[in-house]
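Remarks on the structure that follows.
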Amino acid sequence: MTPEEALHRYFGYSAFRPLQEEIIRSVLNGADTLALLPTGGGKSICFQVPVLTCEEGLCLVITPLIALMKDQVEHLLRRGIRAAAIYTGMSKQAQETALDNCQYGPYRFLYVSPERLESENFRRRLSYLPVSLIAVDEAHCISQWGYDFRPSYLRIGELRDLLEETFGHIPVLALTATATPEVAEDIQKQLRFAKSNVIRQSFARDNLCYAVRYCRSDRPSAKEDPSLLTKNEQLKHILERVQGSAIVYVRNRKKAQEIAQMLNTDFYHAGLDTYERERRQKQWQQSSSVMVCTNAFGMGIDKPDVRLVIHYDLPDSLEAYMQEAGRAGRDGQKAYAVLLFSKDDRTKLKKRQYDNFPAKEFVEEVYNKVCDYLVVGVESGYGHSFALHVDDVCRKMRLPLLPTYSALHLLDMAGYILFQEEQETQPRVRLLVPPHELNAYSLTTEQKSLITRLMRTYPGVFTDLQYLREEMTDSLHHTLAELAARHILVYIPRTRACLFAFRQDRQKEVYIPKAFYEERMERYVNRLSAMMAYAVQQDTCRQQFLLRYFGEQTPHPCGRCDVCRHNM
């Protein structure tokens with residue numbers, strides 16, 4: 001089957017998007033490939049089509065986004081393509097079943113998180129899977145020069161060595177929407193590319209207008225222009241002028257709720273449970289409304305008619321800004337990416353430096369206090385894992401929240417712990433009342449039906465807690481809660497907690513290497529400075545500014561941004 005035939009047969013498209021075919025040909029030729037495609041460039045097609053052109057072989061897809069995993073697996077299954085995913089919250093039995101299917105069944109895609117590569121059991125099972133391609137999504141996370149470095153990504157290179165001992169050469173396709181030339185070079189080094197091979201699509205967007213709107217600060221000085229609008233006023237003004245779907249990005253969950261209430265619209269952040277997030281996302285995708293959200297919103301969303309993306313607060317980097325702004329105008333029609341900026345943002349950026357890189361003494365303090373909270377003594381703890389509620393730790397141990405999260409990430413990078421933010425566990429249930437005694441209870445038709453379904457679907461439901469595999473609706477949750485209140489069953493709802501595990505026994509002292517602290521902090525400060533320079537400069541076309549940052553030659557202004565229009 002040719003790539004064109006696979007594209008049409010499985011996905012219904014008659015032609016590839018720009019550069020997709022070149023990337024696919026490179027992969028089919030067995031070449032390690034780094035594909036730099038802007039947000040909405042159709043990255044998934046680039047690894048799905050090469051696998052589907054062949055009669056056999058499994059693609060291992062490594063991605064940090066659980067929601068994206070689930071969406072893509074469901075998308076493939078609807079098209080008759082066998083695919084599976086392994087992610088935190090799945091039962092051990094469900095994970096083993098997925099691996100068995102990939103080893104013995106005609107499965108073509110296995111999606112896993114990079115943290116899964118830490119599991120010795122997974123690495124052992126992987127050596128028996130017929131892997132023919134490794135696809136690494138969000139590949140910038142493997143580079144310590146990148147804005148979103150994740151230590152678990154470094155295991156991918158080791159994984160490749162392991163697989164190639166058994167199967168010989170297996171090509172790697174690395175995909176990202178944002179990478180400077182320095183990061184692109186490091187990605188290829190970390191993934192053991194045989195030779196450099198970068199296929200890059202320009203980040204230039206002819207239909208997207210970049211703008212910065214200067215706003216009055218919270219405490220304006222005498223020198224400040226009194227005619228400037230506040231951020232809230234400017235936000236309302238822009239939304240009134242630009243009709244259609246819009247995304248408003250803010251820095252934190254509290255601000256998302258406040259702004260959404262002011263605009264009388266919906267909000268989205270990682271603190272919502274899965275059912276509520278999916279409901280709000282689906283409702284927004286089917287409408288022309290405004291979504292106020294943190295950066296948890298947007299990954300994997302394919303809504304082409306977004307007319308406006310507004311950043312209420314400055315992102316930490318131009319990489320993050322480009323990725324989020326790029327969700328506007330995917331249909332090719334005119335769209336706007338607007339950044340709101342005030343003098344207050346300078347002070348806020350300085351605070352972010354401390355929040356992200358607290359003093360090393362504080363990092364050690366967090367380490368010891370979390371160990372005390374978990375009642376783990378010195379020279380013990382190795383191999384043990386915990387569901388950690390960081391807000392509770394901070395409250396009981398009197399620690400500031402944001403620097404504590406950063407300290408835990410630094411300890412993860414240094415190899416003392418494994419720390420994953422807010423993993424969601426599946427709901428679990430166990431029946432307490434044996435079948436012959438159920439008639440003694442006055443059960444509704446709905447309750448009887450649910451209990452019958454549980455007994456048929458989960459054979460061990462009377463002896464052990466079983467992970468529920470069905471979609472959690474309000475009705476199902478309510479029925480389970482009623483039965484639990486009557487002690488007919490045990491019901492543990494879906495919960496959100498951080499995963500904390502000891503990679504080594506608790507130490508008396510901790511040491512954070514220079515590469516994970518001083519060097520990363522310097523790069524972080526440089527990225528903040530670049531973000532600030534973009535916001536305050538008024539002499540260069542904003543699109544040209546962005547393209548130069550990513551190493552592109554920019555022969556002429558865009559003609560649409562604030563600066564270009566002012567100089568025309």
Side-chain angles (χ1 to χ4, degrees), residues 66-67 69-71 73-74 77 82-102 104-105 107 111-113 116 119 121-122 125 271-279 282 374 383-389 392 420 422-501:
I66 292 177
M69 279 189 214
K70 294 179 179 178
D71 287 346
V73 167
E74 290 174 6
L77 291 174
R82 299 291 182 89
I86 297 178
Y87 48 85
T88 303
M90 291 176 67
S91 66
K92 185 176 181 180
Q93 179 182 354
Q95 294 178 33
E96 290 296 325
T97 299
L99 289 168
D100 286 343
N101 287 336
C102 292
Y104 303 111
Y107 275 61
Y111 288 76
V112 299
S113 67
R116 184 62 45 189
S119 165
N121 179 60
F122 177 79
R125 289 294 309 269
L272 300 170
D273 64 44
T274 297
Y275 171 74
E276 189 60 26
R277 292 203 308 273
E278 290 177 352
R279 184 191 69 79
K282 185 176 181 180
L374 298 172
H384 291 278
S385 60
F386 304 86
L388 189 70
H389 295 276
D392 188 58
Q420 298 175 28
E422 293 201 324
Q423 302 297 308
E424 188 167 72
T425 61
Q426 292 292 100
R428 290 175 288 170
V429 66
R430 179 165 71 92
L431 287 173
L432 299 174
V433 178
H436 65 275
E437 294 182 11
L438 286 171
N439 290 334
Y441 294 82
S442 299
L443 299 175
T444 66
T445 302
E446 187 177 8
Q447 290 171 342
K448 289 179 182 177
S449 175
L450 174 58
I451 291 174
T452 301
R453 192 163 76 246
L454 291 174
M455 289 190 290
R456 289 176 178 172
T457 309
Y458 307 96
V461 74
F462 286 101
T463 55
D464 298 301
L465 284 165
Q466 302 292 312
Y467 286 95
L468 291 179
R469 297 190 293 272
E470 50 197 294
E471 181 181 354
M472 182 55 61
T473 63
D474 288 338
S475 174
L476 177 58
H477 170 77
H478 182 69
T479 304
L480 287 167
E482 286 180 335
L483 292 170
R486 298 176 65 186
H487 304 289
I488 295 172
L489 54 75
V490 174
Y491 170 48
I492 301 177
R494 179 182 281 116
T495 59
R496 296 185 64 80
C498 297
L499 173 63
F500 180 100

Checklist line | Smallest separation among heavy atoms of V73 and A83, with atom names | finding: CG1-O, 3.7 Å

Item checked: Value rounded to 0.5 Å, distance of CG in L432 from NE2 in H487 -> 9.0 Å

Next item on the list: For S449 and T445, indicate whether the former's side chain and the latter's backbone hold a donor-acceptor pair under 3.5 Å.
Entry: no

Next item on the list: Go through the steps to decide whether L388 and L374 satisfy the test side chain to side chain contact (heavy atoms under 4.5 Å, CB included), and finish with yes or no.
Entry: CA-CA 9 Å; L388 189 70; L374 298 172; 3.9 Å; yes

Checklist line | Distance in Å, L99 CG paired with R125 CZ, rounded so as to fall on 0.5 Å steps | finding: 5.0 Å

Notebook entry, point to check: Are side-chain heavy atoms of R82 and C102 found at a separation under 4.5 Å?
Noted result: no

Next item on the list: Please say which of E96, R116, Q95 ends up in a side chain to side chain donor-acceptor pair (under 3.5 Å) with N121.
Entry: E96

Margin query: Does V490 form a side chain to side chain contact (heavy atoms under 4.5 Å, CB included) with V429? I'd like the steps, not just the answer.
Written below: CA-CA 5 Å; V490 174; V429 66; over 6 Å; no

Item checked: Contact check, side chains of L483 and Q447, non-hydrogen atoms, under 4.5 Å -> yes

Notebook entry, point to check: So which heavy atom on F462 is nearest to which on R430, and how close?
Noted result: O-NH1, 3.9 Å

Next item on the list: Measure across R486 and L443 and return the closest heavy-atom pair with its distance rounded to 0.1 Å.
Entry: NH1-CD2, 3.9 Å

Next item on the list: Assess whether atom CD of Q93 is packed by more than 12 heavy atoms of other residues, nucleotides or ligands within 6.0 Å.
Entry: no

Checklist line | Side-chain heavy-atom pair P427, Y491 within 4.5 angstrom cut-off | finding: yes

Checklist line | Where Q466 and G460 come nearest, the two heavy atoms and their spacing | finding: NE2-O, 3.2 Å

Checklist line | Gap separating the CD atom of E482 from the NE2 atom of H477, nearest 0.5 angstrom | finding: 10.5 Å

Checklist line | Minimal non-hydrogen separation, L489 against L480, with atom names | finding: CD1-O, 3.7 Å

Notebook entry, point to check: Side chains of S113 and Q420: do they bring a donor and an acceptor to under 3.5 Å?
Noted result: no

Notebook entry, point to check: If we only count heavy atoms from C-beta on, is the I451 to I488 side-chain gap below 4.5 Å?
Noted result: yes

Notebook entry, point to check: Should L465 and I492 count as side-chain neighbours, where that means a heavy-atom distance under 4.5 Å?
Noted result: yes

Next item on the list: State, yes or no, whether a side-chain contact exists between V112 and F122 at a heavy-atom distance under 4.5 Å.
Entry: yes

Note to self: The test is side chain to side chain contact (heavy atoms under 4.5 Å, CB included); show your working for E74 and L77 and say whether it passes.
What the structure shows: CA-CA 5 Å; E74 290 174 6; L77 291 174; 5.5 Å; no

Note to self: What's the separation between atom OH in Y441 and atom NZ in K448, rounded to the nearest 0.5 Å?
What the structure shows: 14.5 Å

Margin query: Show the nearest heavy-atom pair for residues Y458 and L468, with the distance to one decimal.
Written below: OH-CA, 3.5 Å

